[in-house]
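Just so we're clear, the structure is a prediction, and the values are computed from it rather than from any experiment. Counting begins at 1 with the first residue of the sequence.
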Amino acid sequence: MAVSEDHHSFEASGQLPMSIECLEWFTARKISPQTLVRNHITERQVCMSSKQPDKELAIVFPSIYKGKIIGLKYRTLARRWSQSKQFQSILYGMDDIDGESTVIIVEGEMDKLSLKEAGFTNVVSVPNGAPDKVKNGPLPEHSADKAFEYVWNCWEKLQQASCILLGTDNDLPGHALAEELARRLGCRRRSAEALTSLPQRQQQRHDCDMQVTMNCYKLFGTSLDMTNDLLSLLCN
């Protein structure tokens, strides 16, 4: 997976270039300035649509791979999304799973930030949300699997993990995302165990005003006790 030469290496200054409005938005969701600095999150005035030329204030989530920004994702405070023209499809937070034997995959950038506040850094997020439902039939060839291109772009790094946990929303799209990821990740591992639903616990999700239960699945690995211990810490 090539890194675009048009993007620059990110050098963290330790300072947070963000307005009070955006800082208060994150604070209301229990995301600390330290977590924002760690994940290089900033803000920018962005044209979110060609049909609406006026620029809007948007939070910037940079997609970073091997220390270089390879794409930018924008979110307005009203939950409208856009992304830079040059955006390589990878899991958000890839550099955080270097050398990790356990990897947690969640459904959105805010979920990753929330888990960082809970003490978990070995977390990545899918870049494009969840599908409406599971697609019937065999998996497409990798080159044609556009909706899950990020899995194959990150495959080399993911296969280094001995255990992968899926933390998706407890709704129909969240279930569909977990199933689609399991089909791709589980079927590629000879040591993969059958998909096992683990105990579910209610927890507060910080990026919306509702209670959800995150679906946690163990895809593969050898230490179920370790997985339960992790989920206990995650959900309490």
Practice task
State, yes or no, whether a side-chain contact exists between Leu181 and Ile164 at a heavy-atom distance under 4.5 Å.
Solution key: no
Exercise for the section: For the pair Tyr65 and Asp95, evaluate side chain to side chain contact (heavy atoms under 4.5 Å, CB included) and give the outcome as yes or no after the intermediate values. Expected result: CA-CA 6 Å; Tyr65 182 67; Asp95 286 358; 4.3 Å; yes
Problem - Distance (rounded to the nearest 0.5 Å) between Lys116 NZ and Asn39 CG - result: 8.0 Å
Problem - Side chains of Asp169 and His175, donor plus acceptor under 3.5 Å - result: no
Exercise for the section: Can you establish whether the number of heavy atoms outside Glu141 located under 6.0 Å from its atom CD is more than 12? Expected result: no
Exercise for the section: For the pair Glu109 (side chain) and Phe61 (backbone), establish whether a donor and an acceptor sit closer than 3.5 Å, ignoring hydrogens and angles. Expected result: no
Exercise for the section: Using a 4.5 Å cut-off on heavy atoms from C-beta on, say whether the side chain of Leu177 contacts that of Phe148. Expected result: yes
Problem - Euclidean distance, His142 NE2 relative to Trp155 CH2, rounded to 0.5 Å - result: 8.0 Å
Problem - Side-chain heavy-atom pair Glu117, Leu113 within 4.5 angstrom cut-off - result: no
Problem - For Pro62 against His40, the heavy-atom pair lying closest together - result: CG-O, 3.2 Å
Exercise for the section: Give a yes-or-no answer on whether the side chains of Gln88 and Ser63 include a donor-acceptor pair shorter than 3.5 Å. Expected result: no
Handout entry: Contacts of Ser143 that satisfy side chain to side chain donor-acceptor pair (under 3.5 Å) - sequence neighbours left out
Key = none
Problem - Rounded distance (nearest 0.5 Å) linking atom CE of Met94 with atom OH of Tyr150 - result: 12.5 Å
Problem - Heavy-atom side-chain proximity of Asp111 to Ser125 below 4.5 angstrom - result: no
Problem - Under-4.0 Å salt bridge between Arg80 and Glu56 - result: yes
Exercise for the section: Look at the side chain of Asn153 and the backbone N and O of Ile90, then say whether any donor-acceptor pair between them is shorter than 3.5 Å. Expected result: no
Problem - Heavy-atom neighbours of Asp98 CG exceed 12 at 6.0 Å - result: yes
Exercise for the section: Flag the pair Ser84 / Tyr74 as yes when at least one side-chain heavy-atom distance between them is below 4.5 Å, and no otherwise. Expected result: yes
Handout entry: Rounded distance [0.5 Å steps], CG in Leu72 versus CD1 in Ile64
Key = 9.0 Å
Exercise for the section: Would you name the heavy atoms of Asp145 and Pro140 that are closest together and state the gap between them? Expected result: OD1-CG, 3.5 Å
Handout entry: Student check: side-chain heavy atoms of Met110 and Arg75 closer than 4.5 Å
Key = yes
Practice task
Tell me, with the steps shown, if Ile97 and Leu91 meet side chain to side chain contact (heavy atoms under 4.5 Å, CB included).
Solution key: CA-CA 10 Å; Ile97 62 172; Leu91 291 161; 5.6 Å; no
Fill in the blank from the handout: To the nearest 0.5 Å, atom OG of Ser89 lies from atom CG of Asn128 at 6.0 Å
Practice task
Taking Lys73 for its side chain and Pro127 for its backbone only, find out whether a donor-acceptor pair lies under 3.5 Å.
Solution key: yes
Exercise for the section: Decide yes or no on salt bridge (Lys or Arg N to Asp or Glu O under 4.0 Å) for Glu180 and Arg184, but give the supporting numbers first. Expected result: CA-CA 7 Å; Glu180 291 286 13; Arg184 288 159 176 82; 2.7 Å; yes
Problem - Ile59 vs Leu77 side-chain heavy atoms within contact, under 4.5 Å - result: yes
Exercise for the section: Using the test side chain to side chain donor-acceptor pair (under 3.5 Å), find all partners of Asp96 that sit at least two apart in sequence or belong to another chain. Expected result: Arg38, Lys112
Problem - Ile105: which of Leu185, Val123, Thr168 passes side-chain contact (heavy atoms from CB on, under 4.5 Å) - result: Leu185
Problem - Steps toward side chain to side chain contact (heavy atoms under 4.5 Å, CB included) verdict (Gln160, Val103) - result: CA-CA 10 Å; Gln160 297 173 8; Val103 172; over 6 Å; no
Problem - Lys133 and Leu172, any side-chain heavy atoms less than 4.5 Å apart - result: no
